[in-house]
Engineer: 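Just passing along the structure, written as C-alpha cells.
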Amino acid sequence: MLYTRLEGGRVRCNLCGRRCIIPPGGRGFCLVRENKDGKLFSLVYGKLTAFNVDPITKKPLFHVWPGAGITSISTVGCNFRCLFCDNWVLSQSQEIYGKSFTPERVVELSKRYGAMGIAYTYNEPTVFFEFMYDTARIAKENGLFNTIVTNGYMTPEAVKVLAPYLLAATVDVKGNGNLDFHRKFMSVNDVSPIYEFLLELKRHGIFIEITDLVVPEYGDKLDDLKKLVSWIIENLGPEVPFHLLRFMPDYKMIDHYVTPVETLMKHYKVAKEMGLKYVYIGNVPGHPFESTYCPECGIVLIRRYGFDIVEYNVTKDHRCPKCGAKIPIIGNYVKSNWHWFSAF
Ligand code: SF4
C-alpha cells in the first residue's frame, strides 16, 4: 500500500517521512519493505513477534478506557535507529522472522482473553502498515478499538487511510524533540514529519497522548521542552495528556544512566506552569505524578500505582465529582475482566 512507481523500476514508499526511493531488488530503510520487479511488498505481513494482552495503562494510554486490557502486537523492523531502543531485538533485526497470524486470529484471541482493543506497538507499527490496516478493520467490525504506539513518522496520506479505524494514538517524542538529538542518537535528520503527523491525527479526531523520553545529558534541555510544550498547547490544546518518561539504559546506551527524578520534576514543573493540564511522570512506579489530578480543584481523579488503577473518581459523564470540571476521557473505568496472556 501507499507507494508510487518511478522510472527504471524504482518505487517511492509513501508510508513514512523518509519516503525511501527503492531500486529493484532493494529494501527501504526499515528493511521490511522490498521492491520486487517494480512492486513494493511488505515482508512482515502476518509475521508477529509478540501478542500480549495487558493493561492499557502500559501503552501508556491514561485517558482511554481506564482499566481495560488491550492486545499488543508487533513485527520486526523500524524506520528509526534509536541507540537506546528498549525493543531493539525486534526493531533493529536484520532478519525477517515471526509467528504466522491472520488478522482474524488476532481479533479472535483478543476477544477470547477479554481485550477491549488492539495496540500496534513495540516496534514501529508504520512498517507493518498493511497487517495493521487489515486487522484494525476487522477489529472494529467486531467491536474492538484500535490504537497505535508510534514514533510519529507516518505520512499524512497513511494516516488518512488508517484513521477511520483508529481511536487513539500514543506518540513517542524523544529528547524533548531536539533535532541534534534526533540526528545523533536516532538517525533522524528531520523532525517536521512528527508535527505534520500530530496535526493530521487531530484533523481526523484521533485521541492523542504524547510521551517525551527525557534522556539525561543529551536530551533533557528545558529550552527544547518549552518549545515542544508551546507547540502542543498552540496546535493540539492544553488537554493533551503529556507523559515525561524516565530513560532506562538499553541497547547501545546500556552504559548511560537513568534520568534522575529531579530532572523529571523540573520538566513536570515547566510543562504544568506553561499550561498543560495533564502531565505525568512515567517509568517511576509509585510516583505521585503517575496519577490524574483535577486541573481545577486538584483532587485525585485516577490514582495509579505502576500499571494498576487503585482509585477511580471520575463521573460517568467524565466530570470531576467535586467541582464538575469536564475531564478528557474516552470510555469509562472498566474493572479488570480480562486475562494477562502471551502467545509467545
Ligand atoms: S516505511 Fe520503510 S520503506 Fe517506507 S519510507 Fe519508511 S523507512 Fe522507507
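Order of listing sets the numbers, starting from 1, for every ligand and every atom in it. A quick note: this is a predicted structure, and the numbers were derived from the prediction, not measured. Positions are given from 1 along the sequence.
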Engineer: For atom 6 (Fe) of ligand 1, decide whether Cys16 has an N, O or S atom at a distance under 2.8 Å.
Structural biologist: yes
Engineer: Which option wins on minimum heavy-atom distance to atom 1 (S) of ligand 1: Arg18, Arg19, Glu34, Arg33?
Structural biologist: Arg33
Engineer: Just wondering, do Phe62 and His243 contact through their side chains at under 4.5 Å, heavy atoms?
Structural biologist: yes
Engineer: Any carboxylate oxygen within less than 4.0 angstrom of a Lys/Arg side-chain nitrogen, looking at Lys266 and Glu262?
Structural biologist: no
Engineer: What is the closest protein heavy atom to atom 7 (S) of ligand 1, and at what distance does it sit?
Structural biologist: Cys30 N, 3.5 Å
Engineer: With heavy atoms only and a cut-off of under 4.0 Å, state how Arg27 meets ligand 1: side chain, backbone, both or neither.
Structural biologist: neither
Engineer: Does CG in Asp37 sit with more than 12 non-hydrogen atoms of other residues, nucleotides or ligands closer than 6.0 Å?
Structural biologist: no
Engineer: Do Phe145 and Ile56 pass the side chain to side chain contact (heavy atoms under 4.5 Å, CB included) test, and can you show the C-alpha distance, the side-chain angles, and the key distance before you say yes or no?
Structural biologist: CA-CA 12 Å; Phe145 62 79; Ile56 196 165; 3.8 Å; yes
Engineer: Under 4.0 Å from any heavy atom of Phe29, which atoms of ligand 1 are there?
Structural biologist: 7 (S), 8 (Fe)
Engineer: So which heavy atom in the protein is nearest atom 8 (Fe) of ligand 1, and how far is it from that ligand atom?
Structural biologist: Cys20 SG, 2.3 Å
Engineer: Taking the ring centre of each residue, are Phe84 and Tyr251 less than 6.0 Å apart?
Structural biologist: no
Engineer: Has Cys13 got an N/O/S atom less than 2.8 Å from atom 2 (Fe) of ligand 1?
Structural biologist: no
Engineer: Any idea which protein heavy atom is nearest atom 3 (S) of ligand 1, and the distance to it?
Structural biologist: Gly28 CA, 3.6 Å
Engineer: Considering the options Phe247, Phe185, Phe181, which one meets the ring pair (Phe, Tyr, Trp, His ring centres under 6.0 Å) requirement together with Tyr218?
Structural biologist: Phe185
